[in-house]
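Scope of the values below: all heavy atoms of this structure, side chains included, with no hydrogens, waters or symmetry mates. Residue numbering restarts at 1 for every chain, and letters A, B, ... go by the order of the sequence lines. Quick caveat: nothing in here was measured; it's all calculated off a predicted structure.
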Amino acid sequence: MPTANYICSMSIVKNLQESTIQSLSALYNQSFTEKDFQINQTKPEFEGDYTLVMFSLVKSLKLPPETIGNQLGEHLIKHYPHLFSAYNIIKGFLNLTVIDAYWHDFLNENHNNTGYGKKGMNGKKVMVEYASPNTNKPLHLGHLRNIFLGWSVAEILKANGYEVIKSCIINDRGIHICKSMIAWQLFAQGSTPDSTGIKGDHFVGDYYVKFNDVYKAQVANLITAGKTKDDAEKEAPIMKATQQMLLDWEDGKPEVMALWNTMNSWVYAGFDVTYNSIGADFDKTYYESNTYLLGKDIVQQGMDKNVFFKKDDGSIWIDLTAEGYDEKIVQRRDGTSVYITQDIGLALQKYEQFKIEQSIYVIGNEQNYHMKVLQLICQKLGMPNADNIFHLSYGMVELTSGKMKSREGTVVDADDMVNEMLATSQQHTEELGKVKDFTETELKLLYHTIGLGAMKFYLLRVDPKKTMVFNPAESIDFHGFTGPFVQYTYARIKSILRKQLTNDSMTNNTMTDALLKSEKEIMVMAEQYPAIIEQASAELNPSVIANYIFHLAKSFNSFYAELSIANAETESKKQLRLNLSRLTANIIKSGMQLLGIAVPERM
RNA sequence: GGUCUGGUAGCUCAGCUGGAUAGAGCAUCAGCCUUCUAAGCUGAGGGUCAUUGGUUCGAAUCCAAUCCAGAUCACCA
C-alpha cells in the first residue's frame with residue numbers, strides 16, 4: 001500500500017490519468033497520453049465518482065467501447081486497489097468509484113489546513129494595473145467591476161505563487177481636468193469640500209458637470225446668434241478659457257499648478273475614502289502628469305529602426321495595415337506625444353523598474369483595439385516585455401434600462417451603491433435578529449462585511465469578459481447565488497464548530513462505515529479546490545471561484561439539512577462530519593478571500 | 001463598411017479544450033423550524049441552446065453562412 005502522502009500529494013484526477021495511461025499501455029502495448037481519453041466527474045444518477053469516456057480510444061484500439069471499458073476497469077481495480085474500489089460500464093462510459101480510504105486520508109490531511117489549495121512562491125513577478133480613474137469624476141459602478149476584478153485577480157495570482165504588484169495609473173491631466181478647474185474658478189466662490197461637507201471627488205465632479213451645463217448653454221446661445229455648431233463649440237468662452245488653462249498648465253504657470261494640485265488633492269482624499277471602504281489598495285501609483293512626456297526617445301528609436309515614418313507635416317506614424325489595423329499616429333506634428341506613446345513609455349518603465357514576467361492591464365473592452373495596437377507597436381519595436389503585456393478585458397456594466405450614460409444622469413455612483421448595500425444588509429440583519437448581543441462596533445463591521453460581500457460577489461460571479469446587466473432589485477437580494485448566502489453557510493458552520501468542538505477538537509476520523517452520498521459529494525468537491533484555483537489563475541477569472549464556492553456552500557447546506565452532525569449515528573461519523581465541516585469552512589473562507597470578501601463568524 | 005465580442009428558461013447567468021436526460025439563482029406554485037443558525041432545505045412547472053447547413057459514433061460546445069445586439073476603427077485620454 002502506498003502511503004497517504006503519495007496519494008494525497010496528487011489530485012485524484014491526476015492519479016486517475018496516470019493509472020489509466022499505465023493500465024492502457026500494459027493492456028494494449030501502445031503508449032498513451034492524457035489527451036487520448038477524457039475524464040469527467042460522474043453524473044449523480046450513476047454509480048461512481050469519476051468517469052472515463054471510452055469512445056476516443058475505440059479508433060486506435062479497434063475494440064468496442066464496452067470491451068475496453070471492461071478490460072480497463074478490471075485492470076485498474078486489480079492494480080490500483082489503493083485508488084479504486086469498483087467500476088461499472090454504461091454505454092461507453094467507465095464509471096469508477098474511488099476507495100473511501102482515499103477520501104479519509106484526504107480529509108485527515110487537509111481539514112485543518114487553512115492554506116489548503118494555495119501554492120508556494122514560484123519566484124515570478126506580475127504587475128496588475130487596475131482602477132485607473134480620471135480625477136474629474138467620482139467612481140461609478142464600472143470602476144467597481146474593474147477594481148474588484150483587479151484586486152481579486154491579484155489575490156488569485158498570489159495564491160498560485162506569484163509575487164504581485166498592484167498598480168494604478170491616475171489620469172490627472174488634460175483638458176477634462178481643466179474643465180473642472182475653470183468651473184470651480186468661475187462658480188465656487190472659494191468653497192471647498194471642507195466648507196461644504198461634500199466628499200472631495202464628488203465636489204470636483206460637480207464642477208465638471210457644471211462646466212458641461214454652462215458650455216452647452218453658451219453653445220446654444222451662439223447658435224441662436226447665428227453661428228454654426230462647429231464654430232459655436234470652438235468659440236464658447238468657457239471652452240476658450242479651458243484651453244488657455246491647459247496651455248498655462250503645460251507652461252507650469254504657478255497659480256494654475258497650485259489650483260490643479262489643490263483640486264487633485266481633494267479628489268484623492270475622496271478616492272481614498274472609497275478605496276478604504278471597498279478594500280482596494282495599490283503598491284505603486286503612476287500619475288499621467290509624470291508619464292505623459294515618456295516615450296519620446298522611443299519615437300526616435302522607432303524612426304531609427306524604420307518602424308515609424310514621418311509625414312510631410314512632421315507628424316510621426318506607424319503603419320499597421322499589414323496586421324489588419326490602420327495607420328496610427330505616435331507623435332503630433334508639434335512634437336508632443338499622444339496617448340499611445342505614453343503607454344509605450346509606461347510599459348517599458350514598468351518593466352525596467354520591476355522586471356515583471358507579465359504586465360496585466362485591467363481595462364474595459366472598449367479599449368481592445370487600443371491595447372492590441374499598443375502590444376503590436378511594442379513588439380515591432382522589439383521591446384523585451386512586449387509579449388508580456390496582457391489586456392484583461394472586461395465587459396461593460398449596463399442597467400436593465402440600458403447603458404449608463406453620464407450625460408443622462410443614469411450613472412450608478414460607487415459611493416451611493418456602497419451605502420445602499422450597507423443599509424440593506426443592516427435592514428436584513430435587524431429583521432432576522434440573530435445578533436442582538438453584538439456591540440455597535442461589531443454590528444457596523446458585520447453590515448459592512450455582508451453589504452460589501454453582496455456587492456463584490458454580484459460583480460465577480462459573472463465571467464469578466466461578458467457585458468453584464470446590473471439589476472438594482474436583484475443586486476440587493478441576499479438569497480440564492482449571492483455573497484451573503486455563502487457567508488451565511490460559513491457562519492453556520494462556525495456556529496456548529498463552536499458548539500461541538502470543546503476539548504477533543506482535532507482528532508482524525510477513522511471510518512469503517514461507508515461514506516454517504518452527501519458526505520462524499522462535499523469531499524469530492526473539496527478535493528477539486530486546488531485545481532479550481534489553478535484554473536482561475538490560468539484564465540484570470542474570479543467567477544470560476546465564485547461559482548465553485550457557491551456550489552460547495554450549496555452542497556454543504558443540503559448535507560446539513562439531511563444529516564445531523566452533533567447527533568451523528570456514531571462517534572466516528574460525528575468526527576468525520578465535523579472535519580468535513582471544518583474543511584468546508586476553510587475553503588469558503590479561503591475562496592472568498594480570493595474574491596476580496598470577508599466572512600463573518602456569526603450573522 | 002472593416003475588425004472584435006456576444007445571442008442558452010419570463011429575468012440574471014453557468015456549461016463552450018465535443019460525451020450520458022442542457023444546469024443554477026431570481027420570479028411563480030407546493031411543502032419543511034419544540035434537535036446543530038430557515039440569509040436555509042425539499043419538490044413542481046418553465047428550453048427549437050438565434051437560424052440554416054457542415055464535420056463526428058456523438059454538437060449548446062468545432063467549422064461556414066445568415067440574422068440580431070454591442071464595442072471599436074480620433075493629431076481625446
With the side chain of [X] defined as its heavy atoms from C-beta on, choose the nearest nucleotide among [options].
X        : options                : answer
A:Asp477 : B:rC26, B:rG40, B:rC11 : B:rC26
A:Thr51  : B:rG6, B:rA20, B:rG19  : B:rA20
A:Lys499 : B:rC36, B:rC13, B:rA24 : B:rC36
A:Ile496 : B:rG19, B:rC36, B:rA14 : B:rC36

Give me the distance, rounded to whole Å, that separates [N] from [M] when you measure between the [atom1] atoms they each carry.
N      : M      : atom1 : result
B:rG23 : B:rG43 : P     : 14 Å
B:rA64 : B:rC4  : P     : 11 Å
B:rA44 : B:rA38 : P     : 23 Å
B:rU51 : B:rG45 : P     : 24 Å

Stems of at least 3 consecutive Watson-Crick or G-U wobble pairs (donor-acceptor distances under 3.5 Å) involving RNA chain B, listed by first number, are B:1-7 with B:67-73, B:10-13 with B:23-26, B:28-32 with B:40-44, B:50-54 with B:62-66
Let me have a per-nucleotide readout for nucleotides 28-35 of chain B, 5' to 3', with B, S or -, counting only protein heavy atoms under 4.0 Å. -------B
Below 3.5 Å, does any donor atom in the side chain of [X] face an acceptor in the base of [N], or the other way round?
X        : N      : value
A:Asn95  : B:rA20 : yes
A:Ser543 : B:rA14 : no
A:Asp334 : B:rC75 : no

Output, in order, the C-alpha distance, side-chain angles, deciding distance and verdict of salt bridge (charged side-chain N to carboxylate O under 4.0 Å, His left out) for A:Asp334 and A:Arg332. CA-CA 5 Å; A:Asp334 63 7; A:Arg332 296 187 186 97; 5.1 Å; no
Looking at [X], does any N or O in its side chain come under 4.0 Å of the phosphate oxygens OP1/OP2 on [N]?
X        : N      : result
A:Lys554 : B:rG25 : yes
A:Arg461 : B:rC26 : no
A:Lys328 : B:rC75 : no
A:Ser558 : B:rU42 : yes
A:His479 : B:rG40 : yes
A:Arg498 : B:rC36 : no
A:Lys311 : B:rC75 : no
A:Arg492 : B:rC41 : no
A:Lys465 : B:rC4  : no

Give [X] one of three labels, base, sugar-phosphate or nothing, depending on what nucleic acid heavy atoms sit under 4.0 Å from its own.
X        : answer
A:Gln38  : base
A:Phe485 : sugar-phosphate
A:Lys403 : sugar-phosphate

Should A:Phe46 be counted as stacked on B:rA20, where stacking needs a ring-centre gap under 5.5 Å and an angle between planes under 30 degrees? yes
Could you say whether the aromatic ring of A:Phe55 and the base of B:rG19 stack, counting only centre distances under 5.5 Å and plane angles under 30°? yes
Name the one of A:Phe55, A:Tyr87, A:Tyr50 that satisfies ring pair (Phe, Tyr, Trp, His ring centres under 6.0 Å) with A:Phe93? A:Phe55
When every non-hydrogen atom of A:Gly142 is compared with those of A:Val397, the smallest separation belongs to CA-CG2, 4.3 Å
Using distance alone, with no hydrogens and no angle criterion, decide if A:Thr135 and A:Asp172 have a side-chain donor and acceptor under 3.5 Å apart. no
